[in-house]
A.B. asks: 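The structure that follows is given in the form of structure tokens.
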Amino acid sequence: MATEEEKTPILPQTQTKISHQKILLICCLCCTAFVVKHSIILASPFYPSDANRFGVSEVVIGVILGMYHLTVFFIAPLTPMLISRISVESTLKLGIMISGLSAIAFGFLNQFTKTSLFVLMSVLLRILQGCGCAFVDTSLYTIISDKFSRNLGKVSGILTTSVGLGFMVGPPVGGFLYSAGGFYMPFVVMGALTLLMGVFIFLALPNQSNPIKRQRLFSLYAYVEHDGLEQSIVSGYTDSTEGNHWATLARDIPFVPTMQLADSVSLKKILSDGKLLIILLTTIVGSSILGFQEPNLGLFLESCEYGPAAIGGLFLLRDFLFAIGSIIVGYMVDAIGPYSILAAGLCVGGVGYLALGPIPPFHPSLATVIIGLSITGFAGSIPWVSGLPCLLKATRHLGNKSSLNSQLSGLQNSCLYFGIFMGSILGGVFLQAFSYRRTYLFYAAVPVITSLIFTCAMVFKRSRGNFNFQESWTA
């Protein structure tokens with residue numbers, strides 16, 4: 001009589017190597033992030049000047065552009081509720097559709113003759129863009145946290161690189177299309193491209209809420225989780241696979257959508273965790289590193305008689321370091337651990353602001369600006385990449401991994417965009433109260449102090465025996 005061990009099928013060993021199907025999935029998600037971010041940021045070179053011709057003040061223009069970040073802050077934490085009802089894939093598709101249609105509609109704003117209508121429609125469309133972005137971002141990070149838990153740092157870094165490239169390429173392409181075809185051309189072209197990307201996503205990512213049909217020969221999502229081990233389903237199998245032990249097992253295990261495995265964890269329960277709140281606040285400060293520069297650095301460079309091309313090139317350098325740094329940080333998160341990387345990233349951001357000041361006895365110059373922007377560009381990528389691994393690791397004790405992913409992804413995106421929004425506001429307030437040099441030297445202390453508080457809090461949790469600060473994400 002066969003023993004229990006002989007009856008139990010031997011599962012393949014879990015590997016951290018990313019399969020070809022998952023590589024295709026990563027490429028698909030990265031293209032989505034790039035196109036959506038590209039369509040949102042492309043208006044920055046020409047929209048303010050066109051809005052001025054309608055009699056819109058600089059303050060109102062700032063509010064219009066800032067509505068995007070503010071909307072993501074409010075909508076991202078609510079997106080998991082939508083995901084739980086219509087699935088993460090449908091939420092992603094809905095976000096892409098909203099982003100594409102609102103981008104196209106933005107191109108026809110110059111048809112309004114009244115300033116009030118122009119401002120009202122601009123605000124409404126920026127709110128729609130923020131909703132679309134919240135849906136897309138939360139869905140993307142939910143997917144990677146659910147499907148790439150053993151390579152989360154690397155995959156998060158690659159996805160964040162796509163975001164950075166979209167922000168980096170968007171303004172130059174938008175300016176070129178504006179010169180070629182006027183106000184409507186950039187929005188129509190990129191909006192149509194976004195909708196085209198949505199069609200590809202619709203075909204490539206079937207909803208997991210529907211059972212997998214045996215006739216399906218290819219799917220980027222063709223895998224299941226069994227006993228905590230992520231295994232590939234053998235696609236296109238037939239009755240001839242009866243002799244294949246693993247194929248028979250994969251066929252017999254019912255497909256269970258990972259986003260609907262258990263009851264969702266309430267947002268109130270998540271936010272009642274003290275260490276989670278500390279991580280979220282640290283993420284806000286980390287993302288403000290880039291937002292703080294937006295309202296004042298350009299004005300300072302103009303006062304130094306740098307032209308638009310030079311200013312644009314300097315910001316392009318910062319965004320390039322953001323994109324490249326995301327990949328590097330991703331590997332560091334997997335190798336060292338997310339907590340240490342997040343704490344160190346804030347200190348690096350403080351050093352960047354000391355270079356931008358710069359700290360005495362140095363004086364502001366092109367060299368100090370280049371060094372400071374390079375450092376802050378790299379440091380700015382760290383909360384984007386390490387934030388989600390920190391949140392997921394800090395909530396392991398809550399269990400119910402699948403339902404947590406969408407909640408934490410929404411919280412992370414909310415904090416990232418709120419940090420950018422608050423950073424830009426503080427940057428304007430500081431510049432009105434102090435000189436450029438004092439503004440940057442004062443703000444350099446903010447991320448450093450936050451890093452010290454974060455480190456002390458994590459060490460305190462570790463000393464109580466319920467928090468391992470040095471444990472890496474992959475351990």
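Here the structure is a predicted model, which means the values were calculated and not measured.
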A.B. asks: In sequence, state the C-alpha distance, the side-chain angles, and the governing distance for S288 and M422, and then conclude on side chain to side chain contact (heavy atoms under 4.5 Å, CB included).
C.D. replies: CA-CA 7 Å; S288 71; M422 289 302 300; 5.7 Å; no

A.B. asks: Would F434 and F442 count as a ring-ring contact (aromatic ring centres under 6.0 Å, His included) if you check the C-alpha gap in whole Å, the side-chain angles of each, and the deciding distance to 0.1 Å?
C.D. replies: CA-CA 9 Å; F434 309 103; F442 285 165; 5.0 Å; yes

A.B. asks: Which residues pass the ring-ring contact (aromatic ring centres under 6.0 Å, His included) test with F167, sequence neighbours left out?
C.D. replies: none

A.B. asks: Test side chain to side chain contact (heavy atoms under 4.5 Å, CB included) on L391 and L280; report intermediate values, then the result.
C.D. replies: CA-CA 8 Å; L391 294 174; L280 292 175; 3.7 Å; yes

A.B. asks: Listed by chain and number, what are the ring-ring contact (aromatic ring centres under 6.0 Å, His included) partners of F320, not counting sequence neighbours?
C.D. replies: none

A.B. asks: With I98, which residues qualify under side-chain contact (heavy atoms from CB on, under 4.5 Å), at least two apart?
C.D. replies: L94, L128, F135

A.B. asks: For a 4.5 angstrom cut-off between non-hydrogen side-chain atoms, does I420 reach F292?
C.D. replies: no

A.B. asks: Drop me the distance from L92's CG to T79's OG1, to the nearest 0.5 angstrom.
C.D. replies: 11.5 Å

A.B. asks: With sequence neighbours excluded, what pairs up with F421 under the ring-ring contact (aromatic ring centres under 6.0 Å, His included) test?
C.D. replies: none

A.B. asks: Of the non-hydrogen atoms in S381 and V329, which two are nearest, and what is the gap between them?
C.D. replies: OG-CG2, 3.9 Å

A.B. asks: What is the minimum heavy-atom distance between L342 and C390, and which atoms define it?
C.D. replies: CD2-SG, 4.0 Å

A.B. asks: Is the closest side-chain heavy-atom distance between R126 and T71 below 4.5 Å?
C.D. replies: no

A.B. asks: Any side-chain donor-acceptor pair under 3.5 Å between Y47 and S122?
C.D. replies: yes

A.B. asks: Quick one, V72 and F418 - any side-chain contact, counting heavy atoms below 4.5 Å?
C.D. replies: no

A.B. asks: So, for F112 and F118, is the gap between ring centers shorter than 6.0 Å?
C.D. replies: no

A.B. asks: If I compare all heavy atoms of I341 with all of S386, which pair ends up nearest, and what's the gap?
C.D. replies: CG2-CB, 4.4 Å

A.B. asks: Answer yes or no: is there a side-chain heavy-atom contact under 4.5 Å between L408 and Q412?
C.D. replies: no

A.B. asks: Which residues pass the side chain to side chain donor-acceptor pair (under 3.5 Å) test with R318, not counting sequence neighbours?
C.D. replies: Q293, E294

A.B. asks: Does T32 have any side chain to side chain donor-acceptor pair (under 3.5 Å) partners at least two apart in sequence or in another chain, and if so, which?
C.D. replies: none

A.B. asks: What side-chain donor-acceptor pairs closer than 3.5 Å can you find for residues 179-196, not counting sequence neighbours?
C.D. replies:
from : atom 1 : to   : atom 2 : distance (Å)
S179 : OG     : G175 : O      : 3.0
T194 : OG1    : M190 : O      : 2.8

A.B. asks: Is the shortest heavy-atom distance from the side chain of I64 to the side chain of V60 under 4.5 Å?
C.D. replies: yes

A.B. asks: Could you tell me which non-hydrogen atom of G380 sits nearest to which non-hydrogen atom of F322, and how far apart they are?
C.D. replies: O-CE1, 3.4 Å

A.B. asks: Please list, chain by chain and in numerical order, all residues satisfying ring-ring contact (aromatic ring centres under 6.0 Å, His included) with F108, sequence neighbours excluded.
C.D. replies: none

A.B. asks: Report yes if some heavy atom in the side chain of T138 is under 4.5 Å from a heavy atom in the side chain of T91; otherwise report no.
C.D. replies: no

A.B. asks: How would you list, by chain and number, every residue that makes a side-chain contact (heavy atoms from CB on, under 4.5 Å) with S414, sequence neighbours excluded?
C.D. replies: F73, A76, P77

A.B. asks: So do the side chains of I370 and L314 get within less than 4.5 Å of each other, counting heavy atoms only?
C.D. replies: yes

A.B. asks: Please output the side-chain donor-acceptor pairs of residues 352-361 that fall under 3.5 Å, not counting sequence neighbours, one pair per line with the distance.
C.D. replies:
from : atom 1 : to   : atom 2 : distance (Å)
Y353 : OH     : I289 : O      : 2.4

A.B. asks: How far apart are the C-alpha atoms of S406 and S409, what are their side-chain angles, what is the distance that settles it, and do they pass the side chain to side chain donor-acceptor pair (under 3.5 Å) test?
C.D. replies: CA-CA 5 Å; S406 60; S409 299; over 6 Å; no

A.B. asks: Could you list the residues that satisfy side chain to side chain donor-acceptor pair (under 3.5 Å) with D319, not counting sequence neighbours?
C.D. replies: none

A.B. asks: If the test is ring pair (Phe, Tyr, Trp, His ring centres under 6.0 Å), which one of Y141, Y417, F378 qualifies with W384?
C.D. replies: Y417

A.B. asks: According to side chain to side chain donor-acceptor pair (under 3.5 Å), who are the partners of Y178, at least two apart in sequence or on a separate chain?
C.D. replies: D50, R53

A.B. asks: Just verifying a value: how many Å separate L78 CG and I83 CD1, rounded to the nearest 0.5 Å?
C.D. replies: 11.5 Å

